[in-house]
Amino acid sequence: MDTSNPNESYFTAIRRRFKLKNYLVYIFFIVFLLIASPLSIAGALKTSTQILFEQIGYTIIGVISLSLVVGFLGELSLGHAAFMSIGAFIGMYFQKTCLSSLHDVSPLLSLIISMIVGGLVAGVCGIIIGLPALRLKGDYLAIVTLAFGEIVKILFQQIPIFGGAIGFNNRGYKYDSTYLFIIIFIVALLSIVLVKNLIKSKHGRAIKSIRDNEIAAKAMGVNVTYYKLLVFVISAVLAGVAGVLYGASKNQIDATTFNYNYSINNMLVMVVIGGMGNIHGSIVSAIVVTFLNVKLQVIFEGDKAAIKNIIYAVILIVIVVYNNAPSLRSFREKYNLRKLFTFLKKKIKRMIFKNIDEKKEKEKEEEDIKEFSGDWSKIPTKIEMDEIVSTGLDVGSPHDEQEGGK
């Protein structure tokens with residue numbers, strides 16, 4: 001039902017419906033691209049920084065895709081890295097064999113076509129594994145997806161056209177680092193728009209109802225099998241696209257990279273830390289965990305790699321304890337990002353609508369002054385000033401007689 005007021009102004013309607021929290025992630029990505037893109041093109045960014053941005057970008061896409069299955073559908077998948085490996089190998093192989101001439105002319109168009117092919121092949125594999133696997137629940141589904149991931153890894157290691165155990169040689173087709181992270185973040189932004197709009201739609205409500213209570217969802221007429229498969233396929237497509245972007249950033253693609261540790265440590269952990277069914281939290285955790293991984297790997301090299309793993313594990317434990325410890329609940333409620341965002345929201349809204357309100361108030365004051373001005377000549381029931389001055393008591397009036405008699 002439309003509850004809007006027909007007499008309500010356009011800007012007032014926007015102000016009433018505007019919720020900054022729904023657009024914060026878009027603002028963040030756009031601001032980042034507006035700042036980082038010119039710096040990278042001008043050569044002001046280091047290569048290591050560009051590579052870090054690439055890793056953060058395709059990790060965000062992979063984590064969002066897994067969040068659809070784990071966070072919103074409520075199913076545990078431990079083989080999500082397999083879809084990334086499918087996208088990486090198929091996309092880069094297709095680019096190298098079928099798009100070699102196009103790559104020389106237009107590397108961007110070649111990469112876009114590779115993303116489409118890698119995403120579609122990963123989606124088809126999602127249908128193949130999803131039809132039988134999604135009939136299972138809980139631990140059984142986790143075991144099947146874990147086995148699927150290991151099967152895919154072994155297949156790529158055994159097929160000669162994909163490099164076998166050595167890995168796929170992608171030299172000459174690695175995309176320029178100056179521009180690649182820009183493309184990755186644009187794709188990540190589009191992925192976020194897709195996922196957020198899906199979750200807010202009626203289909204998203206059906207998906208979340210399956211997570212909350214599958215039996216009740218069936219009783220209300222929700223096609224559980226359809227929506228489970230839909231989420232699994234969309235998740236697989238996004239993971240395949242992330243895999244293609246991963247492959248475009250490497251000279252060598254190794255199947256052992258996409259093992260169960262990648263699915264758990266690099267993806268599932270980020271979803272859990274960010275919050276189940278929380279897109280913004282998943283994005284923040286993907287950025288923070290990837291940054292920690294890269295920086296710790298740089299600091300602790302060679303024989304010190306074990307120390308890096310220990311520190312990384314300790315940091316993850318601290319984050320999980322902080323997010324879930326009941327004794328820290330009051331502290332979390334007092335100091336959290338939500339309160340910071342609320343404060344920033346009020347400030348930004350005041351900045352946006354301040355001029356509009358001031359203009360409206362000024363116009364209202366002018367109308368009031370015009371309507372209720374102090375010009376007595378406009379009042380039809382006035383008494384002329386000369387009549388007021390000439391008004392007095394006549395001589396010989398009853399009042400005078402009374403005074404004379406006294």
Side-chain angles (χ1 to χ4, degrees), residues 9-42 44-45 49-68 71-72 115 178-201 204 234 238 241-242 245 270-271 273-292 294 319 323 332 335-359:
S9 67
Y10 176 74
F11 290 107
T12 305
I14 293 177
R15 183 176 181 179
R16 181 173 59 83
R17 298 172 185 174
F18 181 78
K19 292 184 179 179
L20 184 63
K21 65 179 182 180
N22 295 334
Y23 302 94
L24 278 175
V25 64
Y26 304 144
I27 295 171
F28 168 77
F29 272 79
I30 292 171
V31 170
F32 170 80
L33 288 171
L34 290 176
I35 294 173
S37 301
L39 292 175
S40 179
I41 295 171
L45 286 182
T49 304
Q50 294 170 346
I51 294 172
L52 173 61
F53 288 159
E54 291 170 6
Q55 292 177 339
I56 290 174
Y58 60 68
T59 301
I60 288 174
I61 301 172
V63 170
I64 289 174
S65 65
L66 182 60
S67 182
L68 264 178
F72 293 101
M115 282 192 288
T178 304
Y179 305 98
L180 181 58
F181 80 89
I182 301 172
I183 298 169
I184 292 175
F185 269 87
I186 292 173
V187 175
L189 180 59
L190 295 176
S191 302
I192 294 167
V193 172
L194 171 65
V195 173
K196 289 191 72 171
N197 281 278
L198 173 65
I199 296 304
K200 288 182 179 181
S201 66
I234 293 175
L238 292 178
V241 171
L245 294 171
M270 297 178 189
V271 173
I273 290 176
M276 305 292 280
N278 187 341
I279 296 175
H280 294 173
S282 298
I283 294 169
V284 172
S285 65
I287 295 171
V288 173
V289 174
T290 304
F291 178 81
L292 287 175
V294 172
I319 294 173
N323 287 336
R332 290 196 303 268
Y335 304 100
N336 54 56
L337 291 175
R338 182 172 295 178
K339 288 199 171 183
L340 176 62
F341 289 152
T342 303
F343 174 77
L344 294 176
K345 171 186 173 182
K346 291 179 180 178
K347 288 289 184 182
I348 294 173
K349 287 183 73 174
R350 286 174 186 172
M351 291 172 60
I352 294 174
F353 297 107
K354 184 179 179 181
N355 295 331
I356 298 173
D357 292 340
E358 288 179 354
K359 186 177 179 181

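This is a predicted model, so every value here is computed, not measured.
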Handout entry: Spacing of CG belonging to L189 relative to CG belonging to L33, to within rounding of 0.5 Å
Key = 7.5 Å

Problem - Residues in ring-ring contact (aromatic ring centres under 6.0 Å, His included) contact with F32, at least two apart in sequence or another chain - result: F53, F185

Problem - Atom of I61, atom of S191 and distance for their closest heavy-atom approach - result: CG2-OG, 4.0 Å

Completion exercise
Rounding to 0.5 Å, atoms CD1 (I283) and CG (L24) come to a distance of 11.0 Å

Problem - Partners passing side chain to side chain contact (heavy atoms under 4.5 Å, CB included) against T290 (at least two apart in sequence or in another chain) - result: Q55, I56, T59, M270, V294

Exercise for the section: Sequence neighbours left out, what passes side-chain hydrogen bond (donor to acceptor under 3.5 Å, both in side chains) with S65? Give chain and number order. Expected result: H80

Practice task
Flag the pair Y26 / K196 as yes when at least one side-chain heavy-atom distance between them is below 4.5 Å, and no otherwise.
Solution key: yes

Practice task
Under the ring-ring contact (aromatic ring centres under 6.0 Å, His included) rule, collect the residues that match up with F72, sequence neighbours excluded.
Solution key: none

Handout entry: Test side chain to side chain contact (heavy atoms under 4.5 Å, CB included) applied to F181 and T49, step by step
Key = CA-CA 10 Å; F181 80 89; T49 304; over 6 Å; no

Practice task
Show your reasoning for whether side chain to side chain contact (heavy atoms under 4.5 Å, CB included) applies to Y58 and V63.
Solution key: CA-CA 9 Å; Y58 60 68; V63 170; over 6 Å; no

Exercise for the section: Before giving the answer on side chain to side chain contact (heavy atoms under 4.5 Å, CB included), spell out for M115 and V187 the whole-Å C-alpha distance, their side-chain angles and the decisive distance to 0.1 Å. Expected result: CA-CA 10 Å; M115 282 192 288; V187 175; 4.1 Å; yes

Handout entry: 4.5 Å side-chain heavy-atom contact, Y179 and I41
Key = yes

Handout entry: Shortest non-hydrogen contact between S67 and G277, atoms and distance
Key = OG-N, 4.5 Å

Exercise for the section: Sequence neighbours left out, what passes side chain to side chain contact (heavy atoms under 4.5 Å, CB included) with I35? Give chain and number order. Expected result: V31, L39

Exercise for the section: Rounded to the nearest 0.5 Å, what's the gap from CG on L180 to CD1 on I184? Could you check? Expected result: 4.0 Å

Exercise for the section: Report yes if the side chains of I60 and F29 come closer than 4.5 Å at any heavy-atom pair, otherwise no. Expected result: yes

Handout entry: Residues V288, I273; criterion side chain to side chain contact (heavy atoms under 4.5 Å, CB included); working and verdict
Key = CA-CA 10 Å; V288 173; I273 290 176; over 6 Å; no

Problem - Closest non-hydrogen atom pair, S282 against V271 - result: OG-CA, 4.3 Å

Practice task
Using a 4.5 Å cut-off on heavy atoms from C-beta on, say whether the side chain of L238 contacts that of V195.
Solution key: yes

Problem - Rounded distance (nearest 0.5 Å) linking atom CD1 of I64 with atom CG of L194 - result: 9.5 Å

Fill in the blank from the handout: side-chain hydrogen bond (donor to acceptor under 3.5 Å, both in side chains) filter on S201, not counting sequence neighbours, yields none

Exercise for the section: Would you confirm whether S40, through its side chain, and T178, through its main-chain N or O, come within 3.5 Å as a donor-acceptor pair? Expected result: yes

Practice task
Nearest 0.5 Å please: distance from the CD1 atom of I287 over to the CG atom of L52.
Solution key: 10.0 Å

Practice task
For residues A188 and G57, report the shortest heavy-atom separation together with the two atoms involved.
Solution key: CB-O, 4.2 Å

